[in-house]
J.: 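One structure coming up, written as structure tokens, with questions to follow.
Here the structure is a predicted model, which is why all the values come from computation and not from measurement.
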Amino acid sequence: MDGESSGVLKRDRVREFLLELVESRRPGDAIPSERTLCGRLGVSRPTLRAAVDELVATGVLVREHGRGMFVAPEKITQEMVSDDHSLALPQAAGTWTSRLLEFTTLPAGARVGRRLRISPAAEITYVARLRIVDEAPMAIEYLHIPAKLVPGLTAEELEGGDLYEHLRTQHGVHVRDATQSIEPTVTSEAESRLLDVPVLSPAFLFERLTTDTSGRNVEYVHSVYRGDRYRIVSRLTLGAASTTDAHHPGMPPDAAGFGAAVRSMTRGDVHGVD
């Protein structure tokens, strides 16, 4: 594994640890000092600061000069669902491939274990991969799958083709639906090198939890997508049936009843999630 990949993965693990701390605290609670965290995690201060900078940029942590770091106030969430509570994403345009950055088995840990509804000690297959479209780097994905669901999962399956198709045909895992959140972020130095963009470039942070036809949580993913090549388009269906007085951001206050189908697009082309 090259130095750039190692830097991204180390920062990602620090990020996961910090997110566990945040989830165990309330808004406004203090986070341990940088010196304490570096000692506990065995990482350098620049590595820790890179992870903290990302969480500050995305509104998870706040820094107060002379006081330290704190859990940020809760975010306002705007849900976007269609009238029949179903969303469908078109097949990705372009030729999509992947380059593996890491492929290993490790304990789920508390945070990932909660999302996948498995024990923190249960083994997961952890995958970090660079997603490439038409030979241009597009995203860095971090996948967490319960290891018992994918015995024999190969690097070839992760680097080519549709992962969900491989899960269905090779491992008997039939995915059904997913809950996905999208937030703005900026790229770290290591991410920028892998994505071939300037440091602190605008990007999207995706988090997705996928379930199968039996209702099991079978995959937790978080990804960083280039902001200069990726955009989110919402198609809203407005109707007069609803009498709610709620105001939806981006819409006139008197616009009633709406449904949304969300699709993700690369510049000039539609892009779905595989």
Side-chain angles (χ1 to χ4, degrees), residues 1-13 16 88-109 112-113 115-116 118 122-178 180 190-197 203-214 216-226 229-230 264 266 269-274:
M1 188 184 309
D2 59 36
E4 293 177 5
S5 300
S6 177
V8 170
L9 297 171
K10 186 177 293 186
R11 183 201 55 75
D12 180 62
R13 287 169 181 158
E16 288 293 313
L89 294 179
Q91 183 65 33
T95 301
W96 285 76
T97 58
S98 300
R99 175 163 69 87
L100 282 182
L101 305 174
E102 184 166 0
F103 179 24
T104 188
T105 301
L106 45 76
V112 173
R115 280 159 172 72
L116 293 175
I118 60 177
E123 289 192 333
I124 62 167
T125 296
Y126 173 81
V127 178
R129 59 182 187 167
L130 181 66
R131 298 288 279 143
I132 302 165
V133 59
D134 295 333
E135 302 184 354
M138 181 62 62
I140 305 167
E141 285 187 342
Y142 306 91
L143 297 85
H144 312 75
I145 304 172
K148 67 179 184 180
L149 298 181
V150 289
L153 182 68
T154 66
E156 289 74 19
E157 291 175 89
L158 294 165
E159 289 186 323
D162 185 328
L163 176 58
Y164 290 161
E165 179 67 14
H166 293 318
L167 292 179
R168 183 180 66 82
T169 60
Q170 303 299 321
H171 306 280
V173 177
H174 298 257
V175 299
R176 181 186 63 190
D177 52 31
Q180 180 166 273
E191 290 167 344
S192 298
R193 284 195 295 268
L194 286 169
L195 294 174
D196 194 24
V197 296
F204 292 108
L205 174 64
F206 286 74
E207 289 199 63
R208 184 171 74 251
L209 183 63
T210 306
T211 60
D212 68 1
T213 52
S214 65
R216 297 177 301 180
N217 291 349
V218 298
E219 177 200 45
Y220 167 61
V221 184
H222 70 268
S223 314
V224 177
Y225 276 71
R226 288 175 55 165
R229 292 288 309 278
Y230 205 83
S264 303
T266 55
D269 290 304
V270 176
H271 168 57
V273 178
D274 65 24

J.: If you look at every heavy atom in R208 and A178, which pair is closest and at what distance?
T.: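 Closest pair (atom of R208, atom of A178, distance): CG-CB, 3.7 Å.
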J.: Looking at R129 and E159, is there a salt bridge between them, counting it only when a charged N and a carboxylate O are closer than 4.0 Å?
T.: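 Salt bridge absent between E159 and R129.
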J.: Can you check side chain to side chain contact (heavy atoms under 4.5 Å, CB included) on T154 and Q170, steps first, answer last?
T.: CA-CA 10 Å; T154 66; Q170 303 299 321; over 6 Å; no
J.: Assess whether side chain to side chain contact (heavy atoms under 4.5 Å, CB included) is satisfied between Y126 and V112, documenting all intermediate values.
T.: CA-CA 11 Å; Y126 173 81; V112 173; over 6 Å; no
J.: Within the structure provided, determine whether P137 and R226 are in side-chain contact (heavy-atom separation under 4.5 Å).
T.: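 The answer is yes, as the side chains (C-beta and beyond) meet within the 4.5 Å cut-off.
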J.: Listed by chain and number, what are the side-chain contact (heavy atoms from CB on, under 4.5 Å) partners of E165, not counting sequence neighbours?
T.: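 E165: side-chain contact (heavy atoms from CB on, under 4.5 Å) contacts with D162, R168, T169.
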J.: If you compare all heavy atoms of R131 against all heavy atoms of T97, which two are closest, and at what distance to 0.1 Å?
T.: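 In this case the closest contact between R131 and T97 is NH1-O, 3.3 Å.
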J.: Find the distance between OG (S223) and CE (M138) and round it off to the nearest 0.5 Å.
T.: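 If I round to the nearest 0.5 Å, the distance is 12.5 Å.
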J.: Enter the distance from K148:NZ to E123:CD here, rounded to the nearest 0.5 Å.
T.: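 Rounded to the nearest 0.5 Å, the NZ-CD separation comes to 12.0 Å.
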J.: Measure across L194 and I140 and return the closest heavy-atom pair with its distance rounded to 0.1 Å.
T.: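 In this case the closest contact between L194 and I140 is CD1-CD1, 3.9 Å.
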J.: Verify, without hydrogens or angle tests, whether D134 (side chain) and T95 (backbone) share a donor-acceptor contact under 3.5 angstrom.
T.: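 A pair under 3.5 Å: yes.
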J.: What is the minimum heavy-atom distance between L143 and E219, and which atoms define it?
T.: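 For L143 versus E219, the nearest heavy atoms are CD2-OE2, 3.6 Å.
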J.: Would you confirm whether N217, through its side chain, and R115, through its main-chain N or O, come within 3.5 Å as a donor-acceptor pair?
T.: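 Yes, because the side chain of N217 sits within donor-acceptor range (under 3.5 Å) of the backbone of R115.
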J.: Step by step, work out the side chain to side chain contact (heavy atoms under 4.5 Å, CB included) result for I145 and V218.
T.: CA-CA 6 Å; I145 304 172; V218 298; 5.6 Å; no
J.: Should F103 and T125 count as side-chain neighbours, where that means a heavy-atom distance under 4.5 Å?
T.: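 Answer yes - side chains close enough.
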J.: Would you confirm whether H174, through its side chain, and T213, through its main-chain N or O, come within 3.5 Å as a donor-acceptor pair?
T.: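 Checked: no pair found.
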J.: So which atom in D212 and which in S214 form the shortest heavy-atom distance, rounded to 0.1 Å?
T.: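 Closest approach of D212 to S214: OD1-OG, 2.9 Å.
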J.: Rounded to the nearest 0.5 Å, how far apart are OG1 of T105 and CG of L153?
T.: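 Output value for this atom pair is 9.0 Å.
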J.: Do the rings of F204 and F206 sit parallel, tilted or perpendicular, given the 30° and 60° boundaries?
T.: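 Because their plane-to-plane angle is over 60°, the rings of F204 and F206 count as perpendicular.
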J.: Measure across A136 and R229 and return the closest heavy-atom pair with its distance rounded to 0.1 Å.
T.: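 What the structure gives for the nearest pair is CB-NH1, 3.9 Å.
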J.: If we check side-chain contact (heavy atoms from CB on, under 4.5 Å) with V127, which of these qualifies: L158, T104, V150?
T.: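 Only one option passes, and that is L158.
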J.: Indicate whether any N or O donor in one side chain lies under 3.5 Å from an N or O acceptor in the other, for E207 and Y142.
T.: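 There is no such pair between these side chains.
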J.: Please walk me through it: do H222 and D12 pass side chain to side chain contact (heavy atoms under 4.5 Å, CB included)?
T.: CA-CA 10 Å; H222 70 268; D12 180 62; 2.7 Å; yes
J.: Quick one: CG on L106 to NE2 on H144, what's the gap to the nearest 0.5 Å?
T.: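 Atom-to-atom, L106:CG and H144:NE2 are 8.0 Å apart.
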